[in-house]
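See below for the structure under consideration.
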Amino acid sequence: MSNLIVHRGDNDIVLDTSDGVTYCYQIGIGRVIGDNCINLNDSKQLHEIAITLRQKYTEWVYTFNDLFLNKGLVYRNISLFFLTDLSNKRNELFDTYGTIVNLTLLRAKLADKEINTIRLIGLDSAFEQSIRSIFPDATICSERTKRRRVQFVRRIVADTKYFMEVMLVIAMNRLATLMFRKTIPRSSGRLFFSFFPQTFDKNCADTRYGGMVNDEDRYLVTIMADGMHQQISPFRYRKLLRELPRDKFVLIDREFQLSDIWRGIYWLVRCWHLTWGARTTKWLFEEIEVTGLIRQELIWSASRVGRLIVVAGALGRTLKETSATQLTYLVFEYAFGRMISAISKSSAPLVERVGFNHGDFSWRFLNYFLAKGEARVDPPYLQHCPIPDKVLAEDELCAEIYGYNGYQSVTIMTQVERLKYLDAISPTIDERFALIAGGLHDGENLLKVLLDTIKSSSKTRFLFKPHPRARKNYLSICQDIPNLQIVHTPIQELLAYVGRIYVTYSGVGVEGWRLGIPVTLVDIPGHASWSKLLDFDEFKR
């Protein structure tokens with residue numbers, strides 16, 4: 001008799017003594033401990049599967065465009081599928097691809113084994129549905145079942161809040177119409193899109209573009225955005241509005257109209273109707289049922305679409321009033337950026353669209369991948385995903401990945417503004433200090449998986465730097481560990497002296513590696529690494 005335990009969580013599970021063989025699999029840092037327990041985790045094979053299935057999965061997701069077209073979900077000659085997170089394959093938001101990769105590994109490891117019972121700990125019903133499809137004869141029991149991450153009622157509440165906040169902003173704008181007209185000029189020349197104030201410094205300069213923006217250029221910004229990239233209350237919006245330099249910013253939000261909100265609600269409801277209409281549909285990829293997982297992505301994507309329609313209306317009117325010749329924008333690989341690509345082409349067809357690569361990614365970072373033939377520069381965008389006219393890539397690896405995915409006119413930046421600070425660093429590589437750099441989504445797991453290493457290396461002082469935009473409620477676990485310190489020191493100061501860096505996917509690891517600082521790439525069991533370091537020979541394992 002053989003048993004399988006799949007455990008997702010932070011705490012260890014201790015098994016009772018058993019005469020039978022028990023196979024164990026971790027998703028997260030919580031271990032399964034017990035006699036006759038055989039651990040099936042294999043990070044090398046997991047990474048290989050993530051690469052092997054990537055293109056096939058990308059092609060499969062692309063077929064959902066037909067579902068959107070058949071339901072008439074087309075706005076301004078754009079299939080709304082391309083404005084969804086489902087189309088984007090957001091594996092940092094959803095468990096779909098991660099579940100597929102994990103179950104493919106389990107299926108391979110247990111191909112010649114008969115599994116009688118499966119015990120799921122800390123998983124949700126969507127995962128149970130998926131694992132049941134590959135072990136149909138096993139008896140499955142679930143413990144500590146988690147709620148599905150995406151819930152319809154919670155999305156309704158969140159979307160209602162967003163639409164009401166935009167309505168309040170419209171009212172504020174109308175009260176300040178004269179001020180807007182006098183203080184927010186129209187632009188000629190080049191525009192640089194960004195979210196204000198997310199990455200602007202105290203001088204109101206976007207740190208990602210840096211010196212690329214000269215005195216004649218303008219920032220094209222949104223404060224409210226889609227309520228997902230950043231969340232700003234209407235009252236803070238009013239305060240931020242006063243901080244915008246009068247001669248440097250073109251604000252999209254000033255063009256919001258009530259018709260945008262009604263239009264957004266209309267398409268939101270249409271996308272909900274699609275999800276409801278497909279409630280009896282079963283979706284399988286490589287014989288693994290992913291129905292519950294895909295349905296969560298569709299519910300979330302409805303919110304994204306409805307909100308992007310709101311922003312699209314304001315963006316289109318703003319661009320029509322400008323005399324810009326070029327628009328450079330980030331997040332062009334994501335739904336928000338795809339909306340910019342499509343709307344700017346229809347509203348200001350003579351403006352050159354330039355996609356700006358920001359950050360590190362790899363051959364396992366699914367978000368940036370498109371099906372063969374999916375990308376297209378010019379409309380219509382019914383069968384094709386809207387992309388910029390050209391792309392500025394940070395390095396050869398990024399350029400190669402963009403080219404692979406059909407992006408056009410890809411060139412490598414002569415100077416990556418966000419990395420200029422590295423030129424001023426001459427690292428001393430002091431082995432008494434180690435830096436733990438948390439990413440936006442992984443800080444808690446990274447810290448917890450390293451606790452044993454930290455406690456056993458009492459002569460090393462570990463400096464944990466959380467991501468500035470990540471939640472911080474887990475930092476209490478750092479208490480009472482004398483050689484572990486939470487720091488908010490600028491990264492350039494830390495890289496100047498630390499002797500080692502620990503990361504999962506944070507770009508700080510790549511930057512430290514470029515400076516010659518030893519880097520340890522930390523595996524989180526059951527999670528394929530997104531780090532580009534794994535694409536370099538010395539890190540392949």
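Everything numeric here is computed off the predicted structure, so don't read it as measured data.
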I'd like to know whether F256 forms a side chain to side chain contact (heavy atoms under 4.5 Å, CB included) with V310, so could you lay out the CA-CA distance, the side-chain angles of the two residues, the decisive distance to 0.1 Å, and finally the verdict. CA-CA 8 Å; F256 281 138; V310 174; 3.8 Å; yes
Any side-chain donor paired with an acceptor under 3.5 Å for [X] and [Y]?
{"X": "R208", "Y": "T199", "answer": "yes"}
{"X": "R338", "Y": "S87", "answer": "yes"}
{"X": "D253", "Y": "T222", "answer": "yes"}
{"X": "Q231", "Y": "Y162", "answer": "no"}
{"X": "Y266", "Y": "R270", "answer": "yes"}
{"X": "Q383", "Y": "Y62", "answer": "no"}
{"X": "R76", "Y": "S347", "answer": "yes"}
{"X": "Y237", "Y": "N173", "answer": "yes"}

Below 4.5 Å, heavy atoms only, C-beta onward: do [X] and [Y] meet side chain to side chain?
{"X": "S362", "Y": "L534", "result": "no"}
{"X": "V61", "Y": "T96", "result": "no"}
{"X": "S301", "Y": "L86", "result": "yes"}

Out of curiosity, [X] [atom1] to [Y] [atom2], how far, rounded to the nearest 0.5 Å?
{"X": "S194", "Y": "Q198", "atom1": "OG", "atom2": "CD", "value": "7.0 Å"}
{"X": "M228", "Y": "L93", "atom1": "CE", "atom2": "CG", "value": "9.0 Å"}
{"X": "Q296", "Y": "I299", "atom1": "CD", "atom2": "CD1", "value": "7.0 Å"}
{"X": "I343", "Y": "L83", "atom1": "CD1", "atom2": "CG", "value": "8.0 Å"}
{"X": "E374", "Y": "I387", "atom1": "CD", "atom2": "CD1", "value": "10.0 Å"}
{"X": "L220", "Y": "Y329", "atom1": "CG", "atom2": "OH", "value": "11.5 Å"}

Between [X] and [Y], is the ring centroid distance below 6.0 Å?
{"X": "F356", "Y": "Y209", "value": "yes"}
{"X": "Y407", "Y": "F332", "value": "yes"}
{"X": "Y219", "Y": "F193", "value": "no"}
{"X": "Y381", "Y": "F81", "value": "no"}
{"X": "F249", "Y": "F200", "value": "yes"}

For [X] versus [Y], what's the shortest heavy-atom pair and its separation?
{"X": "L533", "Y": "V519", "value": "CD1-CG1, 3.8 Å"}
{"X": "S529", "Y": "H47", "value": "N-NE2, 3.1 Å"}
{"X": "P234", "Y": "L168", "value": "CB-CD2, 3.6 Å"}
{"X": "Y97", "Y": "A50", "value": "OH-O, 2.7 Å"}
{"X": "V354", "Y": "P388", "value": "C-CB, 4.3 Å"}
{"X": "A371", "Y": "T58", "value": "N-CG2, 3.3 Å"}

Ion pair [X]/[Y], N-O distance below 4.0 Å:
{"X": "R514", "Y": "D395", "result": "yes"}
{"X": "E417", "Y": "K420", "result": "yes"}
{"X": "R317", "Y": "D260", "result": "yes"}
{"X": "K248", "Y": "D215", "result": "no"}

Does [X] reach the main-chain N or O of [Y] with its side chain, forming a donor-acceptor pair under 3.5 Å?
{"X": "N88", "Y": "E333", "value": "yes"}
{"X": "T411", "Y": "L392", "value": "no"}
{"X": "H384", "Y": "P379", "value": "no"}
{"X": "D201", "Y": "A205", "value": "yes"}
{"X": "D217", "Y": "V213", "value": "no"}
{"X": "T328", "Y": "F192", "value": "no"}
{"X": "R364", "Y": "S531", "value": "yes"}
{"X": "Q55", "Y": "L53", "value": "no"}
{"X": "D389", "Y": "R353", "value": "yes"}
{"X": "R376", "Y": "D378", "value": "yes"}

R304: partners by side chain to side chain donor-acceptor pair (under 3.5 Å), with sequence neighbours left out: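 R304 satisfies side chain to side chain donor-acceptor pair (under 3.5 Å) with D85, D226 once adjacent residues are dropped.
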Heavy-atom count around [X] [atom1] within 6.0 Å, excluding the residue itself: above 12?
{"X": "Q415", "atom1": "CD", "answer": "yes"}
{"X": "K372", "atom1": "NZ", "answer": "yes"}
{"X": "Y404", "atom1": "OH", "answer": "yes"}

V290 vs T99, test: side chain to side chain contact (heavy atoms under 4.5 Å, CB included). Steps then yes/no. CA-CA 9 Å; V290 290; T99 298; 5.8 Å; no
Assess whether side chain to side chain contact (heavy atoms under 4.5 Å, CB included) is satisfied between F68 and T84, documenting all intermediate values. CA-CA 11 Å; F68 278 70; T84 65; 3.9 Å; yes
Y368 pairs by ring pair (Phe, Tyr, Trp, His ring centres under 6.0 Å) with which of Y334, W530, W363?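 Only one of Y334, W530, W363 forms a ring pair (Phe, Tyr, Trp, His ring centres under 6.0 Å) with Y368, namely Y334.
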Option from F82, F285, W283, Y57 for which ring pair (Phe, Tyr, Trp, His ring centres under 6.0 Å) with F64 holds: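 In the set F82, F285, W283, Y57, the residue that makes a ring pair (Phe, Tyr, Trp, His ring centres under 6.0 Å) with F64 is W283.
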Which one of I501, V503, D360 satisfies the side chain to side chain contact (heavy atoms under 4.5 Å, CB included) criterion with V510?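 Between V510 and the candidates, side chain to side chain contact (heavy atoms under 4.5 Å, CB included) is satisfied uniquely by D360.
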Would E394 and R418 count as a salt bridge (Lys or Arg N to Asp or Glu O under 4.0 Å) here? Give the steps. CA-CA 10 Å; E394 286 195 350; R418 71 179 184 90; 2.7 Å; yes
Would I170 and L258 count as a side chain to side chain contact (heavy atoms under 4.5 Å, CB included) here? Give the steps. CA-CA 7 Å; I170 292 171; L258 287 176; 4.1 Å; yes
Anything under 3.5 Å between a donor and an acceptor, one on a side chain of residues 272-279, the other on a protein residue two or more places apart or in another chain? List them.
{"from": "T275", "atom 1": "OG1", "to": "C271", "atom 2": "O", "distance (Å)": "3.2"}
{"from": "R279", "atom 1": "NH1", "to": "W276", "atom 2": "O", "distance (Å)": "2.9"}

Report the C-alpha separation of F336 and F195 in whole Å, then their side-chain angles, then the decisive distance to 0.1 Å, and conclude whether the ring-ring contact (aromatic ring centres under 6.0 Å, His included) test is met. CA-CA 11 Å; F336 201 107; F195 302 96; 5.1 Å; yes
